[in-house]
Amino acid sequence: MANIAAQRIKREFKEVIKSEEVAKCAIKLELIDDNYSELKGEIAGPPDTPYEGGNFVLEIKVPETYPFNPPKVKFLTKIWHPNISSVTGAICLDILKDQWAAAMTLRTVLLSLQALMAAAEPDDPQDAVVAKQYKENPEMFNSTARHWTNVYAGGPNKNPDFDQKIQRLTDMGVMSHDARVALSTYNWELERATEAIFT
Amino acid sequence: MTDYFEEFNITPLAQGETPNHMLHLARLLRDFGMSPYEFNDELPPPASKAFVDNLEEITSHEPESSCPICLKQFSAGEIAKKLDCKHIFHSTCILPWLEKTSTCPLCRHEFKTDNADYEAYKTHKKREKEREGEIENLHNSMFS
Ligand SMILES: [Zn+2]
Ligand SMILES: [Zn+2]
């Protein structure tokens with residue numbers, strides 16, 4: 001990997017380790033390989049959001065041309081959010097695209113993602129299904145996002161009603177994640193979700 | 001009050017010159033938001049060559065200040081480039097960035113480019129903004 005990119009990541013790594021966000025456990029950064037081209041990020045779900053109490057893992061790939069081009073970042077932890085694909089974890093965030101600037105760092109990226117989790121931008125969605133629910137049925141969105149946080153990110157809030165509906169579908173041989181996606185998509189209406197899965 | 005030609009960033013036809021219909025079509029498309037070159041979703045084009053060649057060089061640095069691109073501290077007497085927005089970088093760090101896009105990597109201040117289409121687009125955007133401001137002022141003076 002190009003020298004400037006590796007040197008930059010080394011310096012940033014030190015900066016993040018010392019930062020107060022790490023001290024408060026809000027963000028975390030780990031090296032995956034020795035040449036500083038792949039890292040694992042972690043962000044705590046922001047307080048007063050459906051993601052609170054959850055821990056979200058990110059894949060960070062540093063291009064050879066870093067910091068002149070942005071790092072490639074996606075969620076490895078499954079998440080229900082208008083700007084993050086519930087299927088692939090791909091993120092729609094301007095600073096990871098055309099608003100990137102060479103003076104930005106992995107720390108600013110992690111903090112921006114945390115801010116995005118606290119304030120979604122449904123008019124610039126990555127996941128159209130989630131964005132639609134977010135706009136049309138905010139309460140349903142909140143419970144669904146909280147449920148995903150509980151199941152995939154270790155969040156504390158169980159939803160017995162949702163768990164029971166998923167159970168009904170898994171009893172019919174459906175994989176629990178597929179059941180969760182179908183139910184989330186159809187506002188937890190068991191009949192419509194069942195119909196969608198079996199047609 | 002700017003005149004018609006100035007406002008639309010165009011020049012009147014010279015004697016014997018015929019209108020460039022393709023150009024008119026392009027302007028029409030642009031004005032209706034159907035620009036064939038849509039700059040909304042990409043970085044601005046590279047900084048103008050003349051601008052880059054004439055960047056101010058400095059050798060004295062604030063104590064403990066560092067280059068925002070490589071994050072290394074400047075050493076005493078090290079030559080660095082200063083942008084119009086007063087931000088300072090190693091030339092080996094800022095030049096590749098300005099070859100990519102015409103903004104300051106720190107504050108996003110925009111510099112001149114050599115791309116005529118983009119400069120026209122910028123003028124158009126600026127004029128649009130001014131117009132919005134004028135309408136807002138008018139509205140405020142009428143309803144306050
Ligand atoms: Zn530098
Ligand atoms: Zn600047």
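This structure is a prediction, so every number in the text was calculated from the model and none was measured. Each chain gets a letter, A, B and so on, in the order its sequence line appears, and its residues count up from 1. Below, all heavy atoms of this structure are taken into account, side chains as well, without hydrogens, waters or symmetry copies.
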> Is there a chain of hydrophobic side chains (I, L, V, M, F, W, Y, each step under 4.5 Å between heavy atoms) that links A:Val57 to A:Val109?
Replying inline: no
> Do A:Leu111 and A:Leu116 share a hydrophobic cluster (ILVMFWY, side-chain heavy atoms under 4.5 Å, transitive)?
Replying inline: yes
> How far apart are the closest heavy atoms of B:Ile69 and A:Ile4, and which atoms are they?
Replying inline: CG2-CD1, 4.5 Å
> What residues of residues 124-148 of chain A sit under 4.5 Å from chain B when only non-hydrogen atoms are counted?
Replying inline: none
> Would you find more than 12 non-hydrogen atoms of other residues, nucleotides or ligands less than 6.0 Å from B:Lys122 atom NZ?
Replying inline: yes
> Can you name the closest pair of heavy atoms from A:Ala103 and B:Leu106 and give their distance?
Replying inline: CB-CD1, 3.2 Å
> So which residues of residues 48-63 of chain B are in contact with chain A at a heavy-atom cut-off of under 4.5 Å?
Replying inline: none
> Can A:Tyr152 be reached from A:Trp188 by stepping across I, L, V, M, F, W or Y side chains whose heavy atoms are under 4.5 Å apart?
Replying inline: no
> Are B:Leu83 and B:Leu71 connected in a single hydrophobic cluster, I mean Ile/Leu/Val/Met/Phe/Trp/Tyr linked by side-chain heavy atoms less than 4.5 Å apart?
Replying inline: no
> Do B:Lys100 and A:Asn69 have side-chain heavy atoms sitting under 4.5 Å apart?
Replying inline: yes
> Does a sphere of radius 6.0 Å around CD1 in B:Ile79 hold more than 12 heavy atoms from other residues, nucleotides or ligands, not counting ones at 6.0 Å or beyond?
Replying inline: no
> Which residues from residues 10-18 of chain A are near chain B, with near meaning under 4.5 Å between non-hydrogen atoms?
Replying inline: A:Arg11, A:Glu12
>> Donor-acceptor pair, distance only, cut-off 3.5 Å: does the side chain of B:Arg108 make one with the backbone of A:Ala101?
In response: no
> In terms of heavy-atom proximity below 4.5 Å to chain A, should B:Cys93 be classed as side chain, backbone, both, or neither?
Replying inline: both
>> Quick check for you: to the nearest 0.5 Å, what is the distance between B:Thr103 atom OG1 and A:Gln99 atom CD?
In response: 8.5 Å
> With sequence neighbours left out, which residue pairs that include part of residues 163-172 of chain A fulfil the side-chain hydrogen bond (donor to acceptor under 3.5 Å, both in side chains) condition?
Replying inline: A:Gln167-A:Asp171
> So, for A:Phe68 and B:Trp97, which heavy atoms are closest and what is the spacing to 0.1 Å?
Replying inline: O-CZ3, 3.2 Å
> In terms of hydrophobic clustering (I, L, V, M, F, W, Y; side-chain heavy atoms under 4.5 Å; direct or indirect links), are A:Leu106 and A:Trp100 co-clustered?
Replying inline: yes
> Is the count of non-hydrogen atoms from other residues, nucleotides or ligands lying under 6.0 Å from B:Asn137 atom CG greater than 12?
Replying inline: yes
> Got more than 12 heavy atoms from elsewhere within 6.0 Å of CD, A:Glu42?
Replying inline: yes
